[in-house]
Every structure is written in C-alpha cells, then in structure tokens.
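In the text below, chain A, chain B and the rest are named by the order of the sequence lines, each starting its count at 1.
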Amino acid sequence: MKPFFITTAIDYTNAPPHIGHAYEKILADVLARYQRLRGREVFFLTGVDQHGQKVQQSAEREGIPPQEFADRISGTFLSLWKTLGISYDAWAATTAPLHRESVRAILSDLKERDWLYKATYSGHYSIRQEQFLTDKERGPDGEFGPEWGEVVLLDEENWYFRLSKCSEWLASFLESHPEFVSPGFRHTELSNAATKITGDLCISRPKSRLSWGIEFPFDSNFVTYVWFDALINYISFAGYGSRSEEGAAFRRRWPCDQHVIGKDILIPAHGVYWPCMLHAMGFADEEMPKLLVHGFWSLKGEKVSKSTGNVVDPAALAEIYGPTALRYYLMRDAVMGQDADFSEERLLLRHNTELGNGLGNLVNRTLSMTRRYREGSPNLVPLPADLSAHLEADAVTVKAFIAEMDAAQIHAGIETMVELVNRANALVDSAAPWKLAKDPEQADRLDAVLATLILSARTAATLLQPVAPDAANEILRQIGLPAISLDEETAIGTLPPGYVCGEPKPVFPRLEMQETGAPAA
RNA sequence: GCCAGUAUAGCUCAGCGGUAGAGUAGGGGACUCAUAAGCCCUUGGUCGCAGGUUCGAAUCCUGCUACUGGCACCA
C-alpha cells in the first residue's frame, strides 16, 4: 500500500505562530498518528515559506540578511512543533537548495513546453509600498489614498503562466472529482468560484523590486513570486524530479492524500493554481491530490488579528496548560471545516471533565482496585456474558472510531472514545468491585470485572493516542499493556498470562485557570 | 450583485416528515474503588420570524431578518 502522504500549509516566516498555525499542524499530526496506528506508513510534510517581500523588508528594517531573519522566525515554529509533539517526517524550508533547484527545473520544463511567456503589464504603481495597485486599493472617491504615497504609471515586464489554458480542464476535473475538496461545501464553493477566475497568472517579480526569491533559470533578472515557489514545496520535498532514491520514493508517495489547509488559501491558490500547475507539469487527473480545508479560530466571537491585539499565543498556552490539554481541546471543540471560538474556560472544561474525571479517573480507580484486591494481577477467568457483551460494545466503538477518523472527523472520533469511557465508568458502579471483594464466592466475578475494566481502559487509551500521544502512552505504561492494534479486525484482546498492572498516578491533574498574559477583551 | 452556509435548552452541538435530543452547566439521590472524581434521577427550548405544502414540519417550499464565507463589483 502506498504511504499515507499528508501535508500542511507552509507558514510564512514574517511573524511568529498563532493559534491557527498550531491548530492546523495538530490536525495534520493527529491524522498522521492515526494512520501510523492503523499500521500504515506515513509521510508527513510541513514547513515554512521563507521567501518574499515582507521577509525582505523586515530583515532590512533590522539590518540583517533575509536568511537570518527567516531562520529566526522559522526557529519559533520549529520550537513550537517540538513542544506540541508534531511528528513530521520532512521539513520544507523553501530556501533549501533542493527546493530551489526543483522550482527552477519545473520552470525550465514549463517554459520549454510553452506554458510560460513574458509580457508587459502597465498600471498604477506605489513607490512607497513597492507594489502595483489595483482598483481594490482606490478609495471611495476613486483616487488612491495618501497611504500609498506617490503613485505613478509604470510598465513592467514579467513572466506569466498560461492559467487560462487550463480553465476547461479544471471545470471538468472539478465536476468529475467531487472528492477533490472536503468538506463538500468547500468543493461547491470552489466550483462556483473557479469559473470566474480568468486570465493568466503572473509568477515573477523583477529583481529590482524583489531580490529575496528563487531566480528564474532562464532569465536572471527575475525571481519566482509566491505561489509558484510555495506550492511546489509539496512535491519538491517529497522527492519530485530527483534521480536518486528520493525520486522513487516520490512515485510511491504521490498523490498527496491530504493537503491540510485553511479556508483562506483554498481559492484561488490550492483550488485553482495548484491543480493547474500539476496539470501543466503532466500529472494525470488520477494523480491530483486531495484538499482538506479547515476553519478558523475566533476569540470571543472576534476575528483574531494582530491589529486588535487579540492574538492567542499557543506557546504560552502549551506552557501553562500543557500540550495534552491544548491538543485535546483544539481537536475536540472544532467541527472539521467549521470555525470555532477559542476560550480557556472550554479548554479547561474539556480537559477536566472528559480527560480527568472521565478517562483519568477510570484508569486510576481500575488500577487502584486491581492492586488493592488482586495485588495488580487478576486471575485469568472466562468472562460471563454481560462482560463479554461489554467488550463487544467496545469493539463496535472502535469500528465507529475508525470510520470517523478515516473521514477526518476527529471531533467525532474523540466522542466515540468518550462514550467508551462513560460506559466503563458506569460498569464500575453497576458491578461494584468493592462489594464483590467482600464476598469470597464472588472471587471469579471480581477477577472478570477487573480484567474487563483494564481492557476497556486500554482501548480508550489507544483511541486517545493520535490526539494525546504522551498521555495515552503514560496510561498504557501504568496499565502495563501495549496499545491494541487497529490494523485488522479489531481485537479487544485478553490479559496475557502473568499480567501485573502498574501503579496508578493521575495522568490528567485538574487544571485551574491561569493568567496567560493575553489581553482581556 | 451572484453563489454557498448557519440560526434548536445558559454554553457546545446532534436530529433533517411522524408526540423535541446529547454533553456541559443547575437541582436531587444512593454509593465509596477513585483526581471532592464516578453512578442514577431531574429542572430547562412556542427548534430566528412570517406564510405555504401535508393527516402530520426543526425537518420540504416561498419570503423576511441576523450572522458567516467565497466570487465579482467597488466608475
């Protein structure tokens, strides 16, 4: 089976990460870890977009080379991914020589096959902002405002990609491949919008205006502009065009199973430019990747923006509440594709009720009773009907979990885990081991109940593993059993001979509200 | 302007033609293995508004309102 290939958007190294960056990487990480749990080989690619005008300008302001500036910001991302446990297999930094050569080779190839041409654009140009202005920048009076400074009419040569040549192909591709974008409503949105995107795509900037980019191989006066540089990371870092082993690896990996992206870069970048670029490069329709589009996080109903200062710092949250609580909350509270509202109250609520009171307490009480009544080692006895029915229900839950996770419905997958935990906690109370322990005639029943609870707790920890790997592994360590296997028909299993459980220790200590330093709204 | 979507209990959401649901928060109870956790019971909604179709509508249709997103426009 081909490896599961998943990517995230690469983040722009002009400013440090915010909660949205963290959400997207955690989302991709959970899906990657889930696939590994299923026994599938995974190639998880994430990274940073280091080129561009803003990086160049920010570096100039500080009087340092752009690479140094980009590397410093990249470091804040790398450090956050480490804290959050993002298990990527490859790191795409767009200033890497490998990527540069890949972009240049693709440009040369496209030019040779007449997909690129040079043309002159004339328009209004702001000298202060160093950019062409469109009608969007005109004020209500039809004039360009004072924020643009001196505006002149300017002619400029640039390289263009024949996007218009793809419009018919794209329309029919979208029509015949409704699975290209999920959730479905985003695909509809793209299909409706794609027909309105006309004209060719300008893919260069003259070096006189922008030097911080990848130079054109056949025209050294120009560098590659944004999307033609950034989008190619998805294949360049996966081995595309390589003559070494990586080239073979690419042919196994491609097409990408999930480009995880935010709703802001679906149209036109990933929904129009990217498939058209791949089409031009010669990829067949069956070799097109799939897009998974997530929503945004708001804060108290307000759009998160630097100008209003309501930025949530994921590094601070991870520091205060820990990566487990943060990962769990972000995955639990956001419905795939929908926007969600961030609140620390809900973060604490989800952690303390579902993880602490639910799963954590189940593990704690189960191990505690096993040690108290059986010195950690229940006798292996056949399970009576009610208890085998309980484990059978767990197996059904696991199947439901698999269905939800395969559909990238992480919030729903987590919910099935919670249901399993609730059922186990109810069993503790109905079976009342503390009563069984007082009655020697109920010794077998007590053994069977403890074994059932241990197996249920182990299954719950397994289902939690993609979302909260550290916590799940700690639970499994305390239980003293490995995760169940999700690769074939689910087996809930039995206790192995000689089984002894470990010592319980709260895995999800109750969290209290802390001062995060975030501005009050 | 065009195209989508959302509006259901204080909060987060499910239901999508057949007597309003879950979790959480609030109230009560029995228990004691456990992270003052867990279990059982329970309060709480004229399902955005107005019409229509139907024996019957959160559920289908039309209009309206509010909010969200995309595209186009912004002369």
Across all strands, who's sitting opposite [N] as a Watson-Crick or G-U wobble pair, both distances under 3.5 Å?
{"N": "C39(B)", "answer": "G29(B)"}
{"N": "C2(B)", "answer": "G70(B)"}
{"N": "G10(B)", "answer": "U24(B)"}

Quiz item: For Leu387(A), which of Leu455(A), Leu453(A), Val449(A) qualifies under side chain to side chain contact (heavy atoms under 4.5 Å, CB included)?
Solution: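 Testing Leu387(A) for a side chain to side chain contact (heavy atoms under 4.5 Å, CB included) against Leu455(A), Leu453(A), Val449(A) leaves exactly one candidate, Val449(A).
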
Self-check item: RNA chain B: 5'-proximal contact among Asn364(A) and Asp339(A) (nearest heavy atom)
Solution: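 Checking each residue's closest nucleotide, the 5'-ward one belongs to Asn364(A).
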
Quiz item: Closer to the 5' end of RNA chain B via nearest nucleotide, is it Lys438(A) or Gly356(A)?
Solution: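 Closest to the 5' end, via its nearest nucleotide, is Lys438(A).
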
Practice problem: Could you check whether Tyr373(A) gets within reach of a base, just the sugar-phosphate, or nothing at all, counting any heavy atom under 4.0 Å? | Solution: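 Since only primed, P, OP1 and OP2 atoms lie under 4.0 Å of Tyr373(A), the category is sugar-phosphate.
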
Exercise. Please work out if Val507(A) contacts a base, only the sugar-phosphate, or nothing of the nucleic acid, heavy-atom cut-off 4.0 Å.
Key: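 Touches a base.
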
Distance between the [atom1] atoms of [N] and [M], in whole angstroms?
{"N": "U24(B)", "M": "G56(B)", "atom1": "C1'", "result": "34 Å"}
{"N": "G52(B)", "M": "C41(B)", "atom1": "P", "result": "42 Å"}
{"N": "U68(B)", "M": "A30(B)", "atom1": "C1'", "result": "48 Å"}
{"N": "U43(B)", "M": "G18(B)", "atom1": "P", "result": "24 Å"}
{"N": "G51(B)", "M": "A14(B)", "atom1": "C1'", "result": "28 Å"}
{"N": "A25(B)", "M": "G10(B)", "atom1": "C1'", "result": "7 Å"}
{"N": "U42(B)", "M": "A9(B)", "atom1": "C1'", "result": "14 Å"}
{"N": "U8(B)", "M": "G48(B)", "atom1": "P", "result": "6 Å"}

Between [X] ([atom1]) and [N] ([atom2]), how many Å, whole number?
{"X": "Arg186(A)", "N": "G69(B)", "atom1": "CZ", "atom2": "P", "answer": "10 Å"}
{"X": "Glu415(A)", "N": "U12(B)", "atom1": "CD", "atom2": "C1'", "answer": "11 Å"}
{"X": "His294(A)", "N": "G5(B)", "atom1": "NE2", "atom2": "P", "answer": "21 Å"}
{"X": "Glu404(A)", "N": "A14(B)", "atom1": "CD", "atom2": "P", "answer": "12 Å"}
{"X": "Asp429(A)", "N": "C41(B)", "atom1": "CG", "atom2": "C1'", "answer": "14 Å"}
{"X": "Leu349(A)", "N": "C13(B)", "atom1": "CG", "atom2": "C1'", "answer": "14 Å"}

Please write out the pairs of protein N or O atoms and N or O atoms of nucleotides 2-4 of chain B separated by less than 3.5 Å, giving the distance to one decimal.
| unit_1 | atom_1 | unit_2 | atom_2 | d |
| --- | --- | --- | --- | --- |
| C3(B) | O2' | Asn192(A) | ND2 | 2.3 |

Practice problem: Can you measure from OH (Tyr234(A)) to SG (Cys256(A)) and round to the nearest 0.5 angstrom? | Solution: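 Interatomic distance, Tyr234(A) OH to Cys256(A) SG, rounded to 0.5 Å: 8.0 Å.
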
Taking only side-chain N and O atoms of [X], does any of them lie within less than 4.0 angstrom of OP1 or OP2 on [N]?
{"X": "Asn425(A)", "N": "C39(B)", "result": "no"}
{"X": "Asn361(A)", "N": "U35(B)", "result": "no"}
{"X": "Arg372(A)", "N": "A34(B)", "result": "yes"}

Practice problem: Hey, can you tell me if Phe296(A) and His294(A) have their rings parallel, tilted or perpendicular (30° and 60° cut-offs)? | Solution: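 Correct class here is tilted.
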
Quiz item: Of all heavy-atom pairs between Gln258(A) and Ala408(A), which one has the smallest distance, and what is that distance?
Solution: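 Reported closest heavy-atom pair: NE2-CB, 4.0 Å.
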
